[in-house]
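Okay, so here's the structure we're looking at.
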Amino acid sequence: MTDAWALTGSLASHMLLPAGAALALVPAGVPDAVAAPAGCALAVAAAAIDRAGAIAGRRVVVLGAGMIGLAALAMAVEAGAASTTAVDPRAKRRRRALAFGADAALDVDARVPACDVVIDAAGGADTFVRVSGSLARGGVAVVAGARAQVPDAVVDVERLSRDGLALLGLGRPSPRHVLDAVTFLAATHAMRPWADIVSPPRGLEAVVEAVAHSGGSIARVAIAPGTPAAAAVRGAPAHRP
């Protein structure tokens, strides 16, 4: 190997961990399909909740009901939020958000009630700007899902100052956020249908087909490296990146 850090991808039969890599142990009672997203989407959600500050008693709005958004909603509920609202353009995702604990699920064009926290897990600039207008005094908005190709957003700086609002970026989740994600799943996985939104595990040779047919009720595709496709579909352990 000539690369400084080879075998870094999760779509492989082996992975190479650098010295000092942080590890989170998954309790035996947590199903593989539930644990698999902990190192990615759920760690991002844990970091967003952490970045927003105290959640208890506050009204939380989450933009996007993909895996990050669902995790942020569920974590906000467990943290004692006064209310949780999901905003997503797809009806299937809105229904799924309700199953994960949201008090309300709204289309992007709907009026969003006053809130104290906005977590953007969708990356849509127009929706973010409009929903941020519902922030009450002292509110905070955390951008957890923006993408480079999203158009620039126009922010009312005068209102930020007048109402004491905070607009925060997220940065990379830290190792403790991965641990928080695993701990959260271990404590609550029986209360939320996490396993229902992860596909049955498939072998590496079925990756392209599995990803091409994902979507709808499936939020993540589970891969079982080194496992023949037929055995993987029957329930071999999924890879936990």
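Note: hydrogens, waters and symmetry copies are ignored here, and every other heavy atom, side chains too, is used. As the structure is a prediction and not an experimental result, all values here were calculated from the model.
- Of the possible donor and acceptor atoms, one in the side chain of R94 sits under 3.5 Å from a partner among the backbone N and O of D88.
- At a threshold of 4.5 Å between non-hydrogen side-chain atoms, the residues V34 and R192 do not count as touching.
- Taking CE of M67 as the start and SG of C40 as the end, the distance is 9.0 Å to the nearest 0.5 Å.
- Annotation: side chain of V221 is not in contact with side chain of V207 (no heavy-atom distance under 4.5 Å).
- Using a 4.5 Å cut-off on side-chain heavy atoms (C-beta onward), T85 and L106 make contact.
- Between I49 atom CD1 and I119 atom CD1 the span is 3.5 Å, to the nearest 0.5 Å.
- A distance of 11.0 Å separates CG of D107 from CZ of R90, quoted to the nearest 0.5 Å.
- Panel note: side chain R202, backbone A222; no donor-acceptor pair is recorded below 3.5 Å.
- Considering only heavy atoms from C-beta on, L42 comes within 4.5 Å of M75 through its side chain.
- Scanning both residues, A52 and V117, for their nearest heavy atoms gives CB-CG1, 3.9 Å.
- Heavy atoms only, all atoms of each residue included: D116 and A136 are closest at OD1-CB, 4.0 Å.
- The main-chain N or O of A46 is never found under 3.5 Å from a side-chain atom of D180 such that the two would form a donor-acceptor pair.
- Across every non-hydrogen atom of P27 and V182, the tightest pair is CD-CG1, 4.0 Å.
- A distance of 12.5 Å separates CG in D120 from CG in L168, rounded to the nearest 0.5 Å.
- Criterion: ILVMFWY side-chain heavy atoms under 4.5 Å apart, direct or through other members. Under it, L165 and V155 are part of a common hydrophobic cluster.
- Tracing side-chain contacts under 4.5 Å through hydrophobic residues (I, L, V, M, F, W, Y), one reaches I55 starting from V140; they form part of the same cluster.
- Going from atom CD1 of I68 over to atom CG of L170 covers 8.5 Å, rounded to the nearest 0.5 Å.
- Between L73 and A86, the closest heavy-atom pair is CD1-CB, 3.7 Å.
- The shortest side-chain heavy-atom distance between P113 and V61 does not fall under the 4.5 Å cut-off.
- Placement of F184 and V30 within a single hydrophobic cluster is found when ILVMFWY residues are connected by side-chain heavy-atom separations under 4.5 Å, directly or transitively.
- Environment of CZ in R162: crowded, with over 12 heavy atoms of neighbouring residues, nucleotides or ligands closer than 6.0 Å.
- Minimum interatomic distance between A97 and A65 (heavy atoms only, all atoms of both residues): CB-CB, 4.2 Å.
- Legend: ring pair (Phe, Tyr, Trp, His ring centres under 6.0 Å) pairs involving residues 60-90, not counting sequence neighbours: none detected.
- Looking at heavy atoms from C-beta onward, V143 lies in side-chain contact with L167 at the 4.5 angstrom threshold.
- R58 contributes a side-chain N or O that, together with a main-chain N or O of A54, makes up a donor-acceptor pair within less than 3.5 Å.
- Of the possible polar contacts, none joining the T84 side chain to the V60 backbone as a donor-acceptor pair under 3.5 Å is found.
- For the pair L135 and D163, the minimum side-chain heavy-atom distance is 4.5 Å or more.
- Note on V178 and V198: separate hydrophobic clusters, where clusters join Ile, Leu, Val, Met, Phe, Trp and Tyr whose side-chain heavy atoms are under 4.5 Å apart, directly or indirectly.
- Distance CE/M191 to CD/E78: 4.5 Å, rounded to 0.5 Å.
- For S174, the side chain to side chain contact (heavy atoms under 4.5 Å, CB included) partners are R176, H177, not counting sequence neighbours.
- Nearest heavy-atom pair, L185 versus A35, reported as atom, atom and distance to 0.1 Å: CD1-CA, 4.2 Å.
- Identified under the ring pair (Phe, Tyr, Trp, His ring centres under 6.0 Å) test for residues 60-100, with sequence neighbours left out: F100-W194.
- A side-chain contact (heavy atoms from CB on, under 4.5 Å) with V118 is found for one member of V131, V112, V87 and no other, namely V131.
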